[in-house]
J.: 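Structure provided below as structure tokens; questions to follow.
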Amino acid sequence: MDKTIYTLYKVLFGVYGHQNWWPIIENGRCRYLDDYRKRARTDDEILEIMAGAVLTQNTSWENAAGALAKLKGEALLNIESLDSVRAVDIAKIIKGSGYYNQKAAKLKALAGFLKGLPGGMLEIREMGLEAARECLLSVWGIGKETADSILLYGFYFLTFVIDSYTVRVFSRVWIGENEAPGDYEKIRCYVMERLPRNTLLYQDYHALIVLLGKNICRKKPLCEICPLSFMCGYAHGRTALRTI
DNA sequence: CGCCAGGGCCTCA
DNA sequence: TGAGGCCATGGC
């Protein structure tokens with residue numbers, strides 16, 4: 001099933017099209033713009049993507065976006081403020097995103113990290129993917145998915161994001177085949193070896209998986225209306241499972 | 001009421 | 001290194 005990974009993308013893209021991730025908060029509202037495809041992200045946008053990626057950890061984007069909008073509304077969405085304001089006060093603002101004490105600490109860890117970079121976001125950009133990834137992963141509160149999201153959507157690095165939806169969708173599609181998801185790095189490498197090296201494609205792919213995972217490939221999946229059912233082991237009632 | 005959400009860290013075997 | 005506990009609100 002060498003071409004399944006790419007086929008899966010093409011089917012989803014054919015049905016849903018561009019997803020214009022990562023959304024940015026504008027006037028307190030979450031907006032999916034397509035203009036970013038023609039330009040690099042600004043430093044402010046990258047910080048917002050970083051903060052949003054932390055706030056949405058195991059949390060619906062709606063709740064995370066609300067907290068992000070409040071942070072922005074309070075003029076706290078900048079490195080200096082996040083670094084200087086007390087964690088308990090940040091926690092109060094982002095309460096609606098859940099895990100607010102942890103996330104406040106994570107935002108402060110992020111701000112501390114960025115404050116220690118003389119070259120700012122440009123310094124990360126110029127490190128290249130691998131060094132930038134290691135660098136982000138060294139920050140407390142930034143794990144693999146959060147790091148890859150930041151790298152892919154903030155810096156346009158070619159790295160694939162694996163989240164719980166990805167694992168769910170892949171594990172279902174691959175049921176009964178010789179290959180199925182393993183751990184994070186395994187899935188990431190497996191996918192990247194089978195896709196064209198195209199950043200926009202990677203960005204859309206992950207966003208499309210999230211869209212499908214939210215609306216159709218739920219824990220209790222709606223296979224009857226799923227555009228992938230024709231190529232999905234789960235929809236065909238298979239049960240065997242092996243790992244990559 | 002229970003389940004779920006665009007994870008990550010820590011602990012312990 | 002892998003499983004399990006913990007963090008927590010809001011929407012359905």
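Labels below follow one simple rule: chain letters A, B, ... track the order of the sequence lines, proteins then strands, and each chain is numbered from 1. Just so we're clear, the structure is a prediction, and the values are computed from it rather than from any experiment.
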J.: Rounded to whole angstroms, how far apart are CG on A:L136 and C1' on B:dG7?
T.: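 Whole-Å distance recorded here is 15 Å.
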J.: If I take atom CZ in residue A:F160 and atom P in nucleotide B:dG6, what distance separates them, rounded to the nearest angstrom?
T.: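 Between P of B:dG6 and CZ of A:F160: 16 Å.
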J.: So if I take every side-chain heavy atom of A:K95 and compare against B:dA5, C:dA8, C:dT9, which nucleotide ends up nearest?
T.: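 Minimum distance to the A:K95 side chain belongs to C:dT9.
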J.: Does a nitrogen or oxygen in the side chain of A:Y100 sit under 4.0 Å from OP1 or OP2 of C:dA8?
T.: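 Indeed not, no polar side-chain atom of A:Y100 lies that close.
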J.: Assign A:S149 to base, sugar-phosphate, or nothing according to its heavy-atom contacts below 4.0 angstrom with the strands shown.
T.: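 If one applies the 4.0 Å heavy-atom cut-off, A:S149 turns out to touch nothing in the nucleic acid.
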J.: Could you tell me whether the phosphate oxygens of B:dG6, OP1 or OP2, come under 4.0 Å of any side-chain nitrogen or oxygen in A:W22?
T.: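 So the side-chain polar atoms of A:W22 never come under 4.0 Å of the phosphate oxygens OP1 or OP2 of B:dG6.
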J.: Looking across every strand, which nucleic acid part, if any, lies under 4.0 Å from A:T146 by heavy atom: base, sugar-phosphate, or nothing?
T.: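 The residue A:T146 makes sugar-phosphate contact but no base contact.
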J.: Measure from the side-chain heavy atoms of A:D163 and tell me the nearest of B:dG8, B:dG6, C:dC7.
T.: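 Looking only at heavy atoms from C-beta outward on A:D163, the closest nucleotide is B:dG6.
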J.: Once you apply a heavy-atom cut-off of 4.0 Å, does A:W21 come out as touching a base, just sugar-phosphate, or nothing?
T.: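 Base contact.
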J.: Please determine, for C:dG11, whether a Watson-Crick or G-U wobble partner exists with both distances under 3.5 Å, and give it or none.
T.: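 Pair assignment: C:dG11 / B:dC3.
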J.: Compare all side-chain heavy atoms of A:L77 with those of A:I25 and state whether any distance is below 4.5 angstrom.
T.: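 No, their side chains stay 4.5 Å or more apart.
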J.: Which part of the nucleic acid, if any, lies within contact of A:G143, taking any heavy atom under 4.0 Å across all strands shown: a base, the sugar-phosphate backbone alone, or nothing?
T.: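 Since only primed, P, OP1 and OP2 atoms lie under 4.0 Å of A:G143, the category is sugar-phosphate.
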J.: If you look at every strand shown and take non-hydrogen atoms under 4.0 Å, does A:K219 touch a base, only sugar-phosphate, or nothing?
T.: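 Since only primed, P, OP1 and OP2 atoms lie under 4.0 Å of A:K219, the category is sugar-phosphate.
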J.: Is the gap between the ring centers of A:F13 and A:H18 under 6.0 Å?
T.: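 Aromatic pair counts; centres sit under 6.0 Å.
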J.: Just how far, in rounded Å, is P of B:dG6 from CG of A:L208?
T.: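 Computing the A:L208:CG to B:dG6:P distance gives 15 Å.
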J.: Is the phosphate of B:dG8, meaning OP1 or OP2, less than 4.0 Å from a side-chain N or O of A:Y99?
T.: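 So the side chain of A:Y99 is outside the cut-off, no N or O lying under 4.0 Å from OP1 or OP2 of B:dG8.
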J.: Quick one: label A:I209 by what it contacts on the DNA or RNA (base, sugar-phosphate, nothing), any heavy atom closer than 4.0 Å.
T.: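 The answer is nothing, as A:I209 stays clear of every strand by at least 4.0 Å.
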J.: A:N58 CG to C:dC6 P: how many Å, rounded?
T.: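 Interatomic distance, CG of A:N58 to P of C:dC6: 15 Å.
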J.: Of the nucleotides C:dA8, B:dC10, B:dG6, which one has an atom closest to the side chain of A:Y165?
T.: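 Among the listed nucleotides, the one closest to the side chain of A:Y165 is B:dG6.
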J.: For the residue pair A:T146 and A:K106, confirm or rule out a side-chain donor-acceptor distance under 3.5 Å.
T.: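 Not at all, the side chains of A:T146 and A:K106 share no donor-acceptor pair under 3.5 Å.
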J.: Does the structure show a Watson-Crick or G-U wobble partner for C:dG2, both distances under 3.5 Å? Name it, or say none.
T.: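 Paired with C:dG2, as far as the under-3.5 Å criterion goes, is B:dC12.
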J.: Pick the nucleotide of DNA chain B nearest each of A:S60 and A:V139; which residue has the one closer to the 5' end?
T.: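 Upstream on the strand: A:S60.
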J.: Can you measure A:K220 atom NZ to C:dC12 atom P for me and round it to whole angstrom units?
T.: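 Answer to the nearest Å: 19 Å.
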J.: Considering only atom P, compute the distance from C:dG5 to B:dC3 and round it to an integer number of Å.
T.: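 It comes out at 16 Å once rounded to the nearest Å.
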J.: What do the steps show when you test A:R31 against A:I24 for side-chain contact (heavy atoms from CB on, under 4.5 Å), and what is the final call?
T.: CA-CA 5 Å; A:R31 290 194 53 192; A:I24 289 292; 5.9 Å; no
J.: What is the distance from NZ of A:K106 to P of B:dC10, rounded to the nearest Å?
T.: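 Distance, rounded to whole Å: 10 Å.
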J.: Just to verify, what does A:Y234 make a ring-ring contact (aromatic ring centres under 6.0 Å, His included) with, not counting sequence neighbours?
T.: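 Applying ring-ring contact (aromatic ring centres under 6.0 Å, His included) to A:Y234 gives none.
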J.: Base, sugar-phosphate alone, or nothing: which one does A:E145 contact when heavy atoms must sit under 4.0 Å apart?
T.: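 Contact class for A:E145: sugar-phosphate only.
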J.: Ignoring backbone atoms, test whether A:T59 places a side-chain nitrogen or oxygen under 4.0 Å from the OP1 or OP2 oxygen of B:dG6.
T.: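 A:T59 to B:dG6 OP1/OP2: no side-chain N or O under 4.0 Å.
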J.: B:dA5, OP1 or OP2 - any side-chain N/O from A:R168 closer than 4.0 Å?
T.: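 True: A:R168 side-chain N/O within range (under 4.0 Å) of B:dA5 OP1/OP2.
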J.: Under 4.0 Å between any heavy atoms, over every strand shown, what does A:N63 touch: base, sugar-phosphate, or nothing? Just pick one.
T.: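 Answer is base: heavy atoms of A:N63 come under 4.0 Å of a base.
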J.: Between A:E62 and A:K103, which residue's closest nucleotide on DNA chain C lies nearer the 5′ terminus?
T.: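 The residue closer to the strand's 5' end, by nearest nucleotide, is A:K103.
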J.: Pick base, sugar-phosphate or nothing for A:Y32, based on heavy-atom distances below 4.0 Å to the nucleic acid.
T.: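 Base: the residue A:Y32, judged by heavy atoms under 4.0 Å, touches a nucleobase.
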J.: Rounding to the closest angstrom, what is the interatomic distance between C:dG4 and B:dG6 at atom P?
T.: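 Approximately 24 Å lies between the P atom of C:dG4 and that of B:dG6.
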J.: Hey, does the side chain of A:N101 come within less than 4.0 Å of C:dA8's phosphate (OP1/OP2), counting only N and O?
T.: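 True: A:N101 side-chain N/O within range (under 4.0 Å) of C:dA8 OP1/OP2.
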J.: For the pair made of CD in A:Q57 and P in B:dC4, what is the distance, rounded to whole Å?
T.: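 Atom CD in A:Q57 sits about 20 Å away from atom P in B:dC4.
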J.: Tell me whether the count of non-hydrogen atoms from other residues, nucleotides or ligands lying under 6.0 Å of NZ in A:K108 goes above 12.
T.: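 Counting neighbours around NZ of A:K108, more than 12 heavy atoms of other residues, nucleotides or ligands fall under 6.0 Å, so yes.
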J.: Find the distance A:L107:CG to B:dG7:P and express it as a whole number of Å.
T.: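 Taking CG of A:L107 and P of B:dG7, I get 16 Å after rounding.
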J.: Using a 3.5 Å distance criterion without hydrogens, assess whether the side chain of A:S149 forms a donor-acceptor pair with backbone atoms of A:E145.
T.: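 Yes; at least one donor-acceptor contact below 3.5 Å.
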